[in-house]
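This report refers to the structure that appears directly beneath it.
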Protein chains: 2
Amino acid sequence: MGVNPESKKSKKVGSGRRATLKEVAAEVGVSVATVSNAYNRPDQLSEELRVRIFEAAKRLGYSGPDPLGRSLRKRRAGAIGVLYADRLSYAFTDPAAVMFLEGVSFAAEEAGLGLFLVPGGSGTSGVGEGVLSASVDGFVVYCVSAADPLIGAVIERRLPVVLVDDPSRESVTSIGIDDEGGASAAAEHLAGLGHRSFAVVSFKLTLEPDRGLADHARQESANNEDTRSRLRGYKTAIEAAGASWEDVPVYECPENTPEEGKAAAEVLLGREPRPTAILTLSDQLAFGVMEAARGLGLSIPGDLSIVGFDDVSEAARTTPPLTTVYQPHVEKGLKAGRKLIAQLEGEDPGEPELLPTRLVVRGSTASP
Amino acid sequence: MGVNPESKKSKKVGSGRRATLKEVAAEVGVSVATVSNAYNRPDQLSEELRVRIFEAAKRLGYSGPDPLGRSLRKRRAGAIGVLYADRLSYAFTDPAAVMFLEGVSFAAEEAGLGLFLVPGGSGTSGVGEGVLSASVDGFVVYCVSAADPLIGAVIERRLPVVLVDDPSRESVTSIGIDDEGGASAAAEHLAGLGHRSFAVVSFKLTLEPDRGLADHARQESANNEDTRSRLRGYKTAIEAAGASWEDVPVYECPENTPEEGKAAAEVLLGREPRPTAILTLSDQLAFGVMEAARGLGLSIPGDLSIVGFDDVSEAARTTPPLTTVYQPHVEKGLKAGRKLIAQLEGEDPGEPELLPTRLVVRGSTASP
DNA sequence: CAAATTTACTTAAACGTTTAAGTAAAACGT
DNA sequence: ACGTTTTACTTAAACGTTTAAGTAAATTTG
């Protein structure tokens with residue numbers, strides 16, 4: 001009886017104050033513990049009381065225990081955090097990152113956990129602000145170089161962590177791919193086709209990125225392990241083919257976008273002697289290189305061979321389709337997520353894992 | 001003096017018990033309130049004490065107030081939830097969804113909030129489980145049809161909500177696009193080229209999706225408003241061109257993937273008379289249709305015209321490039337996010353907004 | 001110099017839950 | 001009929017914070 005509060009629609013959904021366990025308990029005339037049990041351990045009360053509680057809850061507009069209260073008490077946020085070095089919105093721009101997230105989200109769903117995306121980029125406030133204020137049970141750290149102070153913030157939080165694409169800090173579980181193997185396979189492939197004049201388009205090398213040719217010292221100072229490994233792979237294969245690594249220009253792009261790749265290629269292709277093959281650290285960069293080549297009237301692979309890295313789905317559909325190094329992005333994300341979840345459950349996350357890469361030869365490479 | 005606990009590395013990072021405000025307070029010999037103030041209101045204590053507190057915190061491995069405790073007390077989770085109807089991992093598979101998320105994440109970052117991805121799909125547990133247990137301050141509801149019980153779960157939580165691509169329930173703010181206008185422009189374009197024999201490839205029409213031709217009754221029963229609007233747009237334009245809507249087969253795909261689009265096209269193109277033009281509700285489906293046409297030896301646009309919907313970036317790069325209806329995915333996400341945030345801050349989220357669509361004519365359409 | 005203000009803290013309640021431990025009554029076993 | 005187990009609850013503490021209100025001492029003010 002009485003006025004049903006639901007019957008009188010409030011102006012805006014969401015404006016109504018949420019009811020609490022306590023209020024429901026008062027309404028029914030039982031203790032809060034019993035109401036809590038109604039939701040969490042039905043066997044602890046009579047069926048009849050349980051329905052009465054649910055009725056009262058509905059009457060009061062109570063939708064079940066508040067996740068925050070519950071999380072605090074249970075000491076489980078029910079979510080895993082993915083830390084991304086840059087602005088979050090960039091992550092959605094990079095197909096490789098998106099595939100990685102697909103894998104992580106699969107693992108999270110599997111375990112009934114939510115996915116909390118944590119921005120690392122200097123947004124509103126100080127370094128690591130996002131990390132320090134995220135309600136999560138653990139972190140998957142993606143695309144953050146070992147030197148980044150963000151890592152410090154993560155470690156400080158003393159939550160389980162999985163580092164992706166960066167070597168195990170001592171005692172932190174990690175997962176990565178065979179960057180060096182993939183890169184050297186790429187360069188070997190070009191060398192095998194007869195190329196001797198190479199150029200490389202790289203990610204940013206340090207936390208203070210530069211745009212332009214990177215000398216040897218700068219290459220050495222790269223603090224992203226995947227970047228280092230790929231450069232090493234190129235170097236090994238190129239030297240094995242009898243060419244000099246000293247002679248191959250490495251252009252550093254501050255961001256991993258086709259635009260940057262294009263700008264890089266325009267510089268590299270303007271040099272003498274003009275390189276006959278360009279190795280890029282990502283497909284995104286490679287797409288830009290292709291565009292630059294088109295703009296300069298160079299035919300691919302006739303005048304210029306290009307090989308990318310990542311094998312994002314678009315790589316198969318460019319004209320010509322891009323020769324590139326495949327890496328299992330989704331699987332990497334999935335395994336990273338599972339390793340983290342294993343830690344959450346007190347299980348052994350297993351050894352640091354290196355997933356295989358594989359050269360995929362398509363149409364962007366040919367003899368010079 | 002004494003043993004510095006930090007000097008003795010624990011076996012695994014993350015295993016160490018987190019210190020609390022209380023412990024830091026005890027260590028320094030002050031009240032918890034003071035320690036809290038050291039972090040949140042530096043003006044409330046002397047600089048000297050503040051440093052001492054931070055030193056003690058560092059000594060104990062305290063990385064600042066726990067987000068959960070803080071959120072509970074402040075009644076702010078510090079995150080906005082994005083509810084996606086399907087499995088989360090599917091979201092990352094759909095370029096349109098990814099762009100939308102890019103927009104939302106931008107808005108979240110702008111406001112210093114995290115992004116919590118909430119799975120709607122029937123994962124571990126019951127309907128709305130994810131919704132009911134997500135620690136968020138509000139929801140952006142994406143890709144969920146008005147009829148879905150998930151919406152009920154969201155409403156029940158009485159948090160601020162923004163509905164995307166679905167008409168305002170009374171008193172819920174929403175944002176969408178001009179689906180009908182875009183669809184009719186697409187069909188008009190084809191009619192203007194002289195086409196009279198159409199077919200449509202649609203998303204799933206109801207919560208219980210079917211794969212196959214959908215009769216008129218089923219079309220009418222579609223419960224996703226964007227689907228309904230697009231079909232309505234096609235119908236209007238096709239009838240305006242003097243053709244009969246009754247004659248255009250509508251094929252329903254249970255999922256929005258190229259594979260489903262391909263299967264649909266294979267059926268549609270096997271019918272007599274063979275349609276000369278296919279309208280698809282998304283680019284993903286259109287890609288599948290193109291593949292099917294290729295498989296059947298039909299040339300595009302010679303033997304078959306195709307127009308998609310969404311204008312994802314890949315649409316510009318297929319061969320031939322796809323004629324499609326552009327919609328501002330990123331902007332839609334951005335505005336959805338901002339509307340939600342406005343509500344969180346007690347501001348007016350503004351009127352339900354309809355963003356414009358625009359036909360982008362490329363190479364996949366021509367006269368029959 | 002006494003009163004008023006400011007500084008630098010502390011006290012205690014609240015945020016919304018879960019859960020171990022306790023209790024009183026009902027049901028059971030012999 | 002009496003001890004034992006089971007059922008159906010309640011009590012109270014804890015989870016880690018923030019913050020309004022309070023207090024005592026130091027400083028300023030007229």
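The sequence lines fix the lettering, A, B, ..., with proteins before strands; numbering per chain opens at 1.
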Open item on the list: Can you measure D43(B) atom CG to dT7(C) atom P for me and round it to whole angstrom units?
Closed with: 10 Å
Open item on the list: Nearest whole Å is fine: how far is dA8(D) C1' from R52(A) CZ?
Closed with: 12 Å
Open item on the list: For a quick check of understanding: with a heavy-atom distance under 4.0 Å over all strands, which category does L72(B) fall into, base, sugar-phosphate or nothing?
Closed with: base
Open item on the list: So T20(A), base contact, sugar-phosphate only, or nothing? Heavy-atom distance under 4.0 Å.
Closed with: sugar-phosphate
- [ ] Please work out if Y62(B) contacts a base, only the sugar-phosphate, or nothing of the nucleic acid, heavy-atom cut-off 4.0 Å.
- [x] sugar-phosphate
Open item on the list: For the CD1 atom of I175(A) and the CG atom of L163(A), what is their distance to the nearest 0.5 Å?
Closed with: 11.5 Å
Open item on the list: At less than 4.0 Å, is any side-chain N or O atom of S46(B) found next to OP1 or OP2 of dC9(C)? Yes or no.
Closed with: yes
Task: Integer-rounded Å distance: dG16(D) P and R18(B) CZ - done: 9 Å
Open item on the list: Are there over 12 heavy-atom neighbours, none belonging to E347(B), within less than 6.0 Å of that residue's CD?
Closed with: yes
Donor-acceptor contacts, no H, no angles, side chain residues 138-148 of chain B, under 3.5 Å, sequence neighbours left out:
| unit_1 | atom_1 | unit_2 | atom_2 | d |
| --- | --- | --- | --- | --- |
| S145(B) | OG | A147(B) | N | 3.4 |
| D148(B) | OD1 | L150(B) | N | 2.8 |

Task: Matching residue for I80(A) among V162(A), L159(A), V104(A) - test: side-chain contact (heavy atoms from CB on, under 4.5 Å) - done: V104(A)
TODO: Between protein and nucleotides 19-25 of chain D, map the contacts as a letter string: B base, S sugar-phosphate only, - none, heavy atoms under 4.0 Å, written 5' to 3'.
DONE: BS-----
- [ ] Starting from P on dG16(D), measure out to CZ on R157(A) and report it in whole angstrom.
- [x] 13 Å
Task: With sequence neighbours excluded, residues passing salt bridge (Lys or Arg N to Asp or Glu O under 4.0 Å) with E102(B) - done: none
Task: Closest nucleotide among dC9(D), dG16(D), dC15(C) to the R75(B) side chain - done: dC15(C)
Task: Integer-rounded Å distance: dC9(D) P and E47(A) CD - done: 11 Å
Task: Exam field: side chain E23(B) to backbone T20(B), donor-acceptor pair closer than 3.5 Å - done: yes
- [ ] May I ask you to say what L21(A) touches in the nucleic acid, namely base, sugar-phosphate or nothing, with a heavy-atom cut-off under 4.0 Å?
- [x] base
Task: Value in whole Å for how far the C1' atom of dT18(C) lies from CG of L68(A) - done: 15 Å
TODO: Examine the side chains of R18(A) and S63(A) and answer whether a donor and an acceptor come within less than 3.5 Å of each other.
DONE: yes
Open item on the list: Measure CG/D66(B) against C1'/dA14(D) and give the value in whole Å, please.
Closed with: 14 Å
- [ ] In whole angstrom, give the distance that lies between atom NZ of K22(A) and atom P of dT10(D).
- [x] 15 Å
